[in-house]
Amino acid sequence: MMIRYAVVILLMASPAFAQDAGTAAWTAVYEVFSHPRCANCHVGPDNVPMWSGSSYGAKPRPHGMNTSAGASRIGAESIPCSSCHALQNSQLPHGPPGAHEWLLAPVTMQWFGKSSAEICSQIKDPARNGNRTIAAVAKHIEDEPLVHWGWTPGPGREPAPHSVAQVVEFLKQWDAAGAPCPAK
Amino acid sequence: MRLKVNAKTHEVNVEDDMPLLWVLRDELGITGPKYGCGIAMCGACTVHVDGGAVRSCSLRVGDVSGEVTTIEGLGSPEAMHAVQAAWVEHQVAQCGYCQSGQIMAAASLLMVNGEPTDEDIDRTMSANLCRCGTYPRIRAAVKAAAAKLRERRS
């Protein structure tokens, strides 16, 4: 019996095990970051949010109404996102979601349409993660109300998977395992 | 609660979650803003809060944090806002139902962009629907109003 425990402990301490645990933790993080509740507003330099996901329809499409959030990422150049996205979710079918603020993530944090490997390398790069350590990314997710909206998106929208606390824990596990990224 | 609309302060006895549009139309009798879709998709209910365009059908009155301006407060028949004057000049309205929302959205655009291109206008105004299809006239009137406002500033 003692020998069996010793083998398990040795395996857990081995770099290969840590790598596997880290890869599994990243897979869970990617499930969240690539989910429409997160990725729809982590879009590229065209500044156009997306409508996608199982609670939306068959194919992703740009946000309706010819919307652009502009370089400001809040619509300041034309019509602010907050013109329609009020402080709270509409409770009516197809009504606009809302939160205390409504904006696109910076262009450097584009996730929509990117692979797990691409997002993984972004999250480790302070130039593309808002100048954060991985611990700071976890703290950001833990503290930021607009991020938390992903789990309380209002009626008719699928929430992001897992929970805020679980994502924070996954990120910590991934960091502790050396933050391994998938090959593709 | 207190609500400042068109430079006048009102005391209204309503629930916090009542949409601003309901308060304006049913409690205060300000009927310029129109009910269209009720879910911020058509723009007929557009008003300003501290100068910024908002869809009053989807904003809870308890969340209003500034002064509200409706089409009635933007200008008057005797002293029209440049956008209102351009609307008359270009005879934009047909049935007219969406036009107060269109004008409020256009006036808001011209506060942040004094010389909008067609693309700027389309970006800003595409969420203001007009079933009569007055869009070409809307574009022309927005540009005319922008020119008038630039002229006044120079």
Side-chain angles (χ1 to χ4, degrees), chain A residues 40-41 43-52 55-57 61-104 107 145-146 148-149 152-157, chain B residues 16-21 35-66 101-102 104-130 135 139 142:
Chain A
N40 279 351
C41 289
V43 294
D46 66 358
N47 307 316
V48 177
M50 295 296 290
W51 283 351
S52 72
S55 54
Y56 167 69
R61 57 157 290 183
H63 187 298
M65 309 159 192
N66 197 29
T67 289
S68 168
S72 70
R73 309 288 273 182
I74 59 169
E77 300 84 349
S78 53
I79 187 162
C81 307
S82 59
S83 292
C84 300
H85 295 282
L87 300 183
Q88 303 176 52
N89 290 322
S90 167
Q91 297 304 307
L92 300 172
H94 311 292
H100 73 298
E101 61 178 354
W102 205 258
L103 45 82
L104 298 182
V107 177
L146 185 55
H148 298 177
W149 172 89
T152 53
R157 281 174 215 94
Chain B
D16 278 0
D17 64 355
M18 181 181 271
L20 173 61
L21 179 63
Y35 177 86
C37 64
I39 51 172
M41 285 202 173
C42 77
C45 67
T46 304
V47 302
H48 293 176
V49 174
D50 285 344
V54 299
R55 303 293 191 249
S56 62
C57 73
S58 295
L59 179 62
R60 296 175 184 211
V61 69
D63 290 339
V64 174
S65 58
Q102 303 278 4
M104 297 309 282
S108 168
L109 168 64
L110 296 183
M111 284 186 224
V112 295
N113 185 343
E115 196 165 0
T117 62
D118 285 347
E119 190 187 349
D120 296 334
I121 294 167
D122 292 351
R123 280 285 183 210
T124 305
M125 310 282 294
S126 286
N128 285 81
L129 305 182
C130 173
Y135 303 111
R139 265 190 187 170
V142 171

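Counting all heavy atoms, side chain and backbone alike, M41(B) lies closest to H94(A) at CE-O, 3.6 Å.
Atom OG of S82(A) sits about 11.0 Å away from atom CZ of R55(B), to the nearest 0.5 Å. Here the OG-CG distance, from S68(A) to D122(B), works out to 12.5 Å after rounding to the nearest 0.5 Å. For the atom pair OG (S58(B)) and NE2 (H85(A)), the distance works out to 10.0 Å, reported to the nearest 0.5 Å. For the atom pair CG (N128(B)) and OG (S83(A)), the distance works out to 9.5 Å, reported to the nearest 0.5 Å. Separating the CZ atom in R123(B) from the CG atom in N66(A) is a distance of 4.5 Å, to the nearest 0.5 Å.
Heavy atoms closer than 4.5 Å to chain A are found nowhere in M125(B), neither backbone nor side chain.
When each of V112(B), L109(B), D63(B) is checked for heavy-atom pairs under 4.5 Å with chain A, D63(B) comes out on top. Of all the listed residues (T124(B), I121(B), T46(B)), the one sharing the greatest number of non-hydrogen pairs under 4.5 Å with chain A is T124(B). For the set C37(B), G52(B), A40(B), G38(B), the count of heavy-atom pairs under 4.5 angstrom toward chain A peaks at A40(B). Listed options A86(A), G98(A), C84(A) were ranked by heavy-atom pairs under 4.5 angstrom with chain B; first place goes to C84(A).
If you check the side chains of E77(A) and N113(B), you find no donor sitting under 3.5 Å from an acceptor.
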